[in-house]
Amino acid sequence: MMRLHKVYHRLTLLSLSPSSPPPPPPLTSSLSLFTSVRTPGHLRTHHSKRFKSICTMTSRFPNLVPLNSIAAENVGGRSNDSVSSASTEDEEALAGKYQLPPPEIKNIVDAPPLPALSFSPQRDKILFLKRRSLPPLAELARPEEKLAGMRIDGKCNTRSRMSFYTGIGIHQLMPDGILGPEREIHGYPDGAKINFVTWSLDGRHLAFSIRFDEEDNSSSKLRVWVANVETGQARPLFQSPNVYLNAVFDTVVWVDNSTLLVCAIPSSRGDLPKKPLVPSGPKIQSNEQKNVIQVRTFQDLLKDEYDEDLFDYYATSQLVLASLDGTTKEIGNPAVYTSMDPSPDQKYLLVSSIHRPYSFTVPCGRFPKKVEVWTTDGKFVREVCDLPLAEDIPIAISSVRKGMRNINWRADKPSTLYWAETQDGGDAKVEVSPRDIIYTQPAEPLEGEQPEILHKLDLRYGGISWCDDSLALVYESWYKTRRTRTWVISPCSKDVSPRILFDRSSEDVYSDPGSPMLRRTPAGTYVIAKIKKENDEGTYILLNGSGATSEGNIPFLDLFDINAGSKERIWESEKEKYYETVVSLMSDYEEGDLLLDRLKLLTSKESKTENTQYSIKKWPEKKVCQITNFPHPYPQLASLQKEMIKYQRNDGVQLTATLYLPPGYDPSKDGPLPCLFWSYPGEFKSKDAAGQVRGSPNEFAGIGPTSALLWLARRFAILSGPTIPIIGEGDKEANDRYVEQLVASAEAAVEEVIRRGVAHPNKIAVGGHSYGAFMTANLLAHAPHLFCCGIARSGAYNRTLTPFGFQNEDRTLWEATGTYVEMSPFMSANKIKKPILLIHGEEDNNSGTLTMQSDRFFNALKGHGALCRLVILPFESHGYAARESILHVLWETDRWLQKHCVSNSSDASAELDACKDEVSKGVTDSDNQAVVASGGGGPELADFEHEGFYPLPRSLL
């Protein structure tokens, strides 16, 4: 209880005063929209980022109190005077306690989550993996070890903060496409937390792990269970109750239909290493060899020898073969195993491990790595490679580790390995041809047999889609130019020359031909599906594409002749009301080529107001049978209004955004609304690509637990994802004009919503998360005329603290000092005069966004008298997870918006007139350097770049 008690007193609520308000950000819950399972085919369901209410929250946490009068400002008709007079008093009463947002928001967040779905290998059954609501803060407060870039829950020997399922239901998929009644997996104890659900290759069994909450609020170690799919009966895999799963790296994999390979905690593991009370000496790092080692701002690294011992203690596993009949066998010696992959023919294992010497500079993914081939009964066959410590990977994007990488089994062969090796030393700045070479080799090569060159690439290797001996697709790309190429090769036909199938810009979404659809093999691997047409000997594949167009995405399925290069569109999404996608093949369990007339697909369908549902579509009639009927997750917003809008930046770049309006809103009757602008900048190499439309106006409006769309329930207009392209054409670096392009993009968006009459000019708030928070602070510094306030969550504000690159910037601080400084809102803290709310997780582990960033930025703002508030969330990381934290973030955001946006009484027109007067007369900055307005069409952007303001939107002038 002492640790939980500290939670409430570590919540930092600072500097509250009235002025202008900001908006809320769509943070990502630690519970993923996708399932954390090994088997492919698990599907998303909208609203999976929200969780149902925890009824006992208030009684269990007495400091969790209902929304009070501050959050109710302007709702119950209170005057602004009464609110401001009570604000200081209310803050003193509430500081340090978790709050609840208004019921309109809380009810959406607390709505029950929908299940995740998983299809059996034979496509005849569906798992409904049931999920819980948001976790309580007490779970995040459990002790965790920060080691080698990871966070480990030592009590259960897993990665910390792991989500879980609460139950498993099985439905039979009938021949007519209808789901049979649900059969629950049963036999495990009530309250078990379920993870790592995997199907056996024949679909007759499930394997999964379970753990429990114990009396001291900790979680037990994980045990492996198996269940019979037909009966639903579950039982422990191991007869001994003392065999526990080690879930720090890999966990469980099916070797065959009746045998699993398990990463277990070694039975010989001793006691936890004890930290010496007195160190044996100082902590020393040395670079006396003068090596050039540049790394990003990694967090949670090893710090000393004790950390190294602790990492070994938790990460070391013993591999155990366990059969369904109860027999077990330990194979290999205990080691830090990171992956174990059976060959398609089930004869070999590809086993990867990491070993010392470790590093205090980089995370465990760069530690020395050994890859070996074993037989499936544990006999050592050979060492594939032993890679040294990789501290020296250059920071330039497209740089990679030296030596062999991406070592895998060929999906279309019984036991053949393939991998890539760099020819440029892994350094993207080195010009060489070829840049990468792909090799193949049998699991057990003959004596003297050398690896065979499969293909040579001049760009960076990006993967292979295997089909058979006559067909494979090889991908390569290069970030600096955004070039991406797809090659067609014949793996076993040396007389057939490789040829380029597609050569395009990765930014050009309009030219994206789609990706080949894969089919599942009896061995459980996935290969390109070959399609046969009746009375046609051609070689066809299916290309599944997003179908980006100037009107939004219209997904498609093309029948593509791989030899002739011709294609036939055999399916396309409806355009007017619905957004449909092809999810996967459902007829791929049959051996041999797939016949077009017997094609069966799993598709999804949704609209602006209708939740995603899944259906089976059968050829040749293309008959559709819906198999799910998920309810609307927030019926109170079922009639929200959504529109994809287009507008233009002052340099001619086409921009888009999604405009959401509350249910029943009529601009002619209701007038302009307070508006929340929520976005995240992106880098581009061309104006044309930056102006392309991405997304669909018909997609369902999924609302996560910290989404900006929650404020539709508070009668806000939401401008979601307005494009903020930062463009650097040719040899130019995009970030060298970051501020200029950022402001221009925001001006265009603000001008558009004002022109439409849906947003009040002086009631527009800006917000974002992570790089979006960085954007928010910069906009308040350099475009104060656009926004009344800002909300910045988990951002980085001082780029000198990330000196070896950030986002897609791969120049160092010393190579681009001016850019680093000019982009940093910390350096412009003296210019921020509009209210800004800073929120940050106290345990943020994202590279670059240390909690210190918000601490120091807040102090800089406070040092210049800015109206600001800093909220530090105990135990939270980069994305917020606990129910108490999330609800409090929503309360803070709503309070800020009501106080500084809805109740904003500043005269925007007067403020703008004052800005225009300064522009027309010329102003003097702090260095007494005169800035004068240019003649003709008005002031040039560069004239005011260092003054903290920019030309105003035309509609506001």
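The figures that follow rest on heavy atoms only: side chains count, while hydrogens, waters and symmetry mates do not. FYI, the numbering just counts along the sequence from 1.
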Once you round to the nearest 0.5 Å, how far does [atom1] of [X] lie from [atom2] of [Y]?
X	Y	atom1	atom2	result
S353	D386	OG	CG	8.0 Å
F119	I126	CZ	CD1	3.5 Å
S885	F875	OG	CZ	9.5 Å
N157	C263	CG	SG	11.0 Å
I210	F196	CD1	CZ	13.5 Å

Closest non-hydrogen atoms of P121 and G203, given as atom of the first, atom of the second and distance, are CD-CA, 3.9 Å

On a heavy-atom basis, which atom in V362 and which in F367 lie closest, and how many Å separate them? O-CE2, 3.5 Å

Check whether [X] reaches the backbone of [Y] with its side chain - one donor and one acceptor, N or O, closer than 3.5 Å.
X	Y	answer
H186	E184	yes
Q299	N846	yes
H840	T849	yes
E884	L137	yes
H769	H878	yes
S323	G326	no
K329	D377	yes
D844	T851	no
S160	D153	no

Thinking salt bridges, do [X] and [Y] make one under a 4.0 Å N-O criterion?
X	Y	value
R151	D300	yes
K146	D307	no
K347	E444	no
E139	R883	no

Before you tell me yes or no, could you show the steps for F311 and Y358 under ring-ring contact (aromatic ring centres under 6.0 Å, His included), namely the whole-Å CA-CA distance, both residues' side-chain angles and the distance that decides it to 0.1 Å? CA-CA 10 Å; F311 176 74; Y358 297 148; 5.3 Å; yes

Just one of L321, V226, V224 clears the side-chain contact (heavy atoms from CB on, under 4.5 Å) bar with L260, so which one? V226

Determine the sole option in V197, I185, L117 for which the side-chain contact (heavy atoms from CB on, under 4.5 Å) test with L127 is passed. V197

Quick one: which residue pairs count as a salt bridge (charged side-chain N to carboxylate O under 4.0 Å, His left out) with a foot in residues 402-420, not counting sequence neighbours? D392-K402, R405-D436, R410-D412, R410-D469, K413-D469

Worked check of side chain to side chain donor-acceptor pair (under 3.5 Å) between S359 and E391: CA-CA 8 Å; S359 170; E391 288 184 329; 2.4 Å; yes

I would like to know whether K283 and E308 meet salt bridge (Lys or Arg N to Asp or Glu O under 4.0 Å); could you show each step before the answer? CA-CA 13 Å; K283 298 177 182 179; E308 291 181 310; over 6 Å; no

Residues T316, D312; criterion side chain to side chain donor-acceptor pair (under 3.5 Å); working and verdict: CA-CA 6 Å; T316 298; D312 278 337; 4.6 Å; no

Audit row: T198, W254, side chain to side chain donor-acceptor pair (under 3.5 Å) steps and yes/no: CA-CA 8 Å; T198 61; W254 288 92; 3.2 Å; yes

Taking E230 as the fixed residue, which of R204, K125, R183, H205 is the one that meets the side-chain hydrogen bond (donor to acceptor under 3.5 Å, both in side chains) rule? K125

Student check: side-chain heavy atoms of I265 and L245 closer than 4.5 Å: no

Would you say S352 and S339 are linked by a side-chain donor-acceptor pair, where the criterion is simply a distance under 3.5 Å? yes

Which of R356, K303, K275 passes salt bridge (charged side-chain N to carboxylate O under 4.0 Å, His left out) with D309? It is R356

Passes side chain to side chain donor-acceptor pair (under 3.5 Å), S317 versus N246? Steps please. CA-CA 6 Å; S317 297; N246 187 336; 3.2 Å; yes

May I ask you to establish whether R269 and Y313 are in a cation-pi arrangement, using a distance under 6.0 Å from NZ or CZ to the six-membered ring centre and at most 45° from the ring axis? yes

Can you tell which of W466, W409, Y439 makes a ring-ring contact (aromatic ring centres under 6.0 Å, His included) with Y418? W466

